[in-house]
Amino acid sequence: MRRGRLRVLLGAAPGVGKTFTMLEEGARLADEGRDVVVAVVETHERPATAALLHGLEVVPRVETSHRGVALSEMDVAGVLARRPEIALVDELAHTNAPGSVNAKRWLDVEALLDAGIDVVSTVNVQHIESLTDVVEQITGAVQRETVPDLFLRSADQVEVVDLAPQALRDRLAEGNVYPAARIDAALSNFFRLGNLTALRELALLWLADEVDSALKAYRSEHAIDAKWEARERVVVALTGGPEGETLVRRGARIAARSAGGELIAVHVSRQDGLAQEHPGALTAQRALAEKLGGTYHQVVGDDVPRTLVEFAKAANATQLVIGVSRRSRLAAALTGPGIGATVIRESGVIDVHIVTHAAAGGHFALPRVGGSLSLFRRLVGTGLALVLGPLVTWLLVSFRSADTLTSDVLTFQLLIVVVALVGGLWPALLAAVLSGFTLDYFFVAPVHSITIARPLHLLALALFVINGILVSYVVDQAARRSRAAARALAESDLLATVAGGVLRGQDALESLVMRTREAFGQSDVRVVADGEVVEAHGETVSGDSLTTVPAGEHATLELRGPQLDASARRLLTVIAAQVDAALEHNTLSRTAGEVAPLAAADQMRTALLAAVGHDLRRPLAAATAAVTGLRSPGVVWSAADRDELLATAQESLESLAALVTNLLDVSRVQAGVLAVSLSSVDVDDVVLGSLDELGLGPDEVELGLPDELPRATADAVLLQRVVVNLLDNGLRYSPEGTRLRVSASAFGGSVQIRVADHGPGISAERRSEVFVPFQRLGDTDNTTGLGLGLALSKGFTEGMGGTLEADDTPGGGLTMVVSLPAAGGAESRATGGAESRATVSGTAPGAAAGTDPGASAVTDRGVSA
């Protein structure tokens with residue numbers, strides 16, 4: 001019996017049309033005469049989806065009961081007994097009711113496939129097991145229903161049912177996805193435009209990777225090595241050298257020029273480990289490649305260019321980026337053309353880019369000025385003198401004749417020059433003395449005896465020694481100058497780095513200390529100012545010597561480690577000057593930080609005076625006029641007139657009291673001394689109390705308060721002030737004949753209150769302005785108060801550990817969303833459920849972890865807390 005074929009419809013989010021597409025495909029197949037049944041489908045009470053069931057055979061579900069709740073699941077046994085050709089199975093990631101044959105619906109589908117039944121199913125990208133953590137980071141929703149990647153990748157066909165994010169939000173707003181009571185909550189949380197865009201990209205990328213895997217498998221099965229340019233794949237070869245960052249950025253630009261371009265960074269390590277890369281540089285280059293959207297790989301191979309080309313071909317690369325050689329022209333002439341030429345010759349149809357960089361054409365550099373040649377080179381030179389000398393003697397003796405003395409002398413002279421070039425003076429002198437005595441013993445009559453019978457022979461030995469000394473002197477001077485040049489370059493690079501660190505600002509001191517420790521090989525470097533350690537890097541090791549360099553009038557730079565020479569101390573004086581500049585910069589930054597609140601307070605006072613000049617004068621003038629009129633001795637007022645004047649005075653004084661109260665509240669918020677009493681609060685009581693305070697009824701406000709709403713951790717008095725301000729603001733901008741909508745919901749450990757109007761709304765770029773004190777929409781209305789309502793609401797909400805944000809209302813308008821921690825979370829446990837008092841700052845949000853307003857758990861069955 002053949003295994004059934006699985007076709008999966010993949011969607012980025014609920015509502016994109018997966019079930020609709022599945023039923024349409026079932027109807028099409030049934031019209032073609034295929035045997036199709038609906039094994040299970042979730043219409044979610046969508047009329048358009050339910051209408052597609054007409055004409056299709058539906059296998060009845062199995063009814064079960066769990067803890068008194070009736071549940072219905074797919075009848076796997078019934079479908080197997082019916083044995084259709086094709087079965088339609090919705091929601092592949094669904095968890096079956098306890099007691100079912102299989103715990104997951106995808107296991108039910110596995111049973112159908114094993115029976116030879118073809119299956120068409122649906123799944124959302126958030127239910128793919130490997131992507132659940134990514135989805136949680138994007139949406140804040142924890143997915144408990146998942147499908148293993150292995151099962152999904154085994155499907156014969158995976159299709160993306162795509163819908164633009166804004167189009168999906170429009171469908172949701174029109175009531176085509178969820179019931180009206182859940183629309184606002186869904187739009188404000190899981191179905192945010194940014195969330196949907198990210199999920200859509202995730203679904204498309206997952207499918208693209210699946211297609212890429214299928215393509216690689218096909219090429220491998222059919223032994224296809226030729227380049228298929230389905231999309232640009234740029235492989236960047238990294239050596240761990242300083243040019244790596246330049247190569248990665250160039251490769252990223254090449255990949256970005258084509259749609260769907262892919263960046264792949266690779267480092268080839270030698271098996272013998274002789275060519276040591278810089279691990280810190282490779283780590284930084286790997287991070288850069290991943291930051292630019294690429295991937296990093298490390299492969300091992302002795303033949304670096306061939307290994308690199310083989311990797312590029314295996315990755316189906318279209319472009320290969322390598323750096324121009326860092327070797328000097330002399331080194332290239334002596335050792336051959338290098339990796340670049342081999343890569344170009346072996347690359348075939350892959351385009352190779354050789355990128356120049358600052359480190360190109362470098363020279364052999366030695367780290368220290370003194371000591372000319374290194375001990376290693378001197379040992380190698382001595383070894384050459386001891387090994388090549390006997391070897392050359394054996395060869396010359398083997399072919400000796402009466403006419404070869406001149407060539408014998410020149411050969412030993414060449415040996416001395418080679419040893420001098422490699423090992424310097426002392427190996428060259430050793431080779432010269434050994435060569436002289438060897439010539440006399442083996443080649444000058446009488447042979448096999450050391451006899452200097454003629455002065456000319458002594459002169460020849462002296463010339464050997466002189467030639468060796470001269471060549472080794474030239475080599476020694478070249479090595480000294482090379483080391484001096486390398487040291488100067490390193491010092492200039494260090495100075496440029498530390499100077500740049502000072503210019504960058506806040507991390508300058510840390511960068512200076514860390515770079516100084518690395519540059520001078522010290523175990524501990526610290527900056528001490530006025531007797532206190534300001535910055536330190538490393539740990540003190542016993543036996544280290546202490547070097548102290550003054551850094552300005554009040555600070556010193558202390559280094560613990562190996563003793564430093566005079567040139568290093570000269571360089572330290574320059575670094576100490578940079579440390580002094582960094583300390584001064586930090587002092588100025590702290591001063592500026594202290595001045596900033598004063599400037600903000602001064603701006604607040606200016607705005608306050610400007611607002612008070614108009615908004616407080618009116619009620620004060622009206623109350624004064626009313627009282628003055630009542631006290632006028634020459635005027636006789638009727639009872640009605642007296643009542644009207646008293647009412648005017650009372651109304652003006654109440655308005656004045658409200659304005660002063662708001663001014664005092666905003667002053668406390670700005671000063672950070674707002675007293676908050678946190679406790680477990682019933683949101684329904686707060687909302688209803690706010691409606692009573694404003695005298696609003698069903699004609700003005702539509703309520704959407706669920707029965708199973710958790711309590712919130714908040715200050716009941718402040719929360720009611722917030723809701724009253726939001727209601728008052730919404731009423732002010734709502735058109736005639738429309739109602740405000742006040743709803744509440746719970747998502748991801750937070751409780752949200754939404755006040756939605758259908759007014760003109762506010763553009764996204766200007767929403768932050770409405771929360772600034774003394775600002776009104778457009779700054780054109782000077783008759784409706786000081787513009788403190790939303791500023792106070794935001795300060796109160798943040799003081800309670802929540803957030804206040806503005807969002808669009810579906811169909812037009814503005815929705816204000818208040819998010820507060822749900823009672824029973826971290827905050828309520830910390831307070832033990834009892835009322836606690838705290839002094840918090842209204843300008844610095846105190847939102848607790850886990851109160852992301854976007855957090856929700858959404859499945860195809862709907863939204864759940």
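Remember, predicted model here, so these are calculated numbers, not experimental data.
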Q: For Asp90, is there any backbone N or O sitting under 3.5 Å from a side-chain donor or acceptor partner on Arg105?
A: yes
Q: Is any side-chain N of the basic residue among Arg28 and Glu25 closer than 4.0 Å to the acidic one's carboxylate O?
A: yes
Q: Between the main-chain N or O of Gln126 and the side-chain N or O of Asn124, is there a donor-acceptor pair closer than 3.5 Å?
A: no
Q: For Asp108 and Val76, indicate whether the former's side chain and the latter's backbone hold a donor-acceptor pair under 3.5 Å.
A: no
Q: Any sub-3.5 Å donor-acceptor pair from His127's side-chain atoms to Glu145's backbone N or O?
A: yes
Q: Between Asp35 and Arg82, is the closest basic N to carboxylate O distance under 4.0 Å?
A: yes
Q: Which residue pairs pass the salt bridge (charged side-chain N to carboxylate O under 4.0 Å, His left out) test with at least one member in residues 195-206, sequence neighbours excluded?
A: Asp162-Arg200
Q: Distance from Arg711 atom CZ to Asp685 atom CG, nearest 0.5 Å?
A: 7.5 Å
Q: Under 3.5 Å, is there a donor-acceptor pair between the side chain of Thr95 and the main chain of Lys104?
A: no
Q: With a 3.5 Å distance limit and no angle check, can you tell me whether Asp118 reaches the backbone of Arg5 through a side-chain donor-acceptor pair?
A: yes
Q: What residues form a ring-ring contact (aromatic ring centres under 6.0 Å, His included) with Phe151, not counting sequence neighbours?
A: Trp106
Q: Quick one: does any side-chain atom of Thr797 pair with a main-chain N or O of Gly802 as donor and acceptor, under 3.5 Å?
A: no
Q: Given 3.5 Å as the limit, does a donor-acceptor pair link the side chain of His267 with the main chain of Leu238, or not?
A: yes
Q: Hydrogens and angles aside, do Asp807 and Thr815 bring a side-chain donor and acceptor to less than 3.5 Å of each other?
A: no
Q: Looking only at the side chains, is there a donor atom on one of Glu73 and His94 sitting less than 3.5 Å from an acceptor on the other?
A: yes
Q: Check ring-ring contact (aromatic ring centres under 6.0 Å, His included) between Tyr296 and all other residues, then give those that pass, not counting sequence neighbours.
A: none
Q: A side-chain contact here means heavy atoms from C-beta on lying under 4.5 Å apart; do Arg61 and Val40 qualify?
A: yes
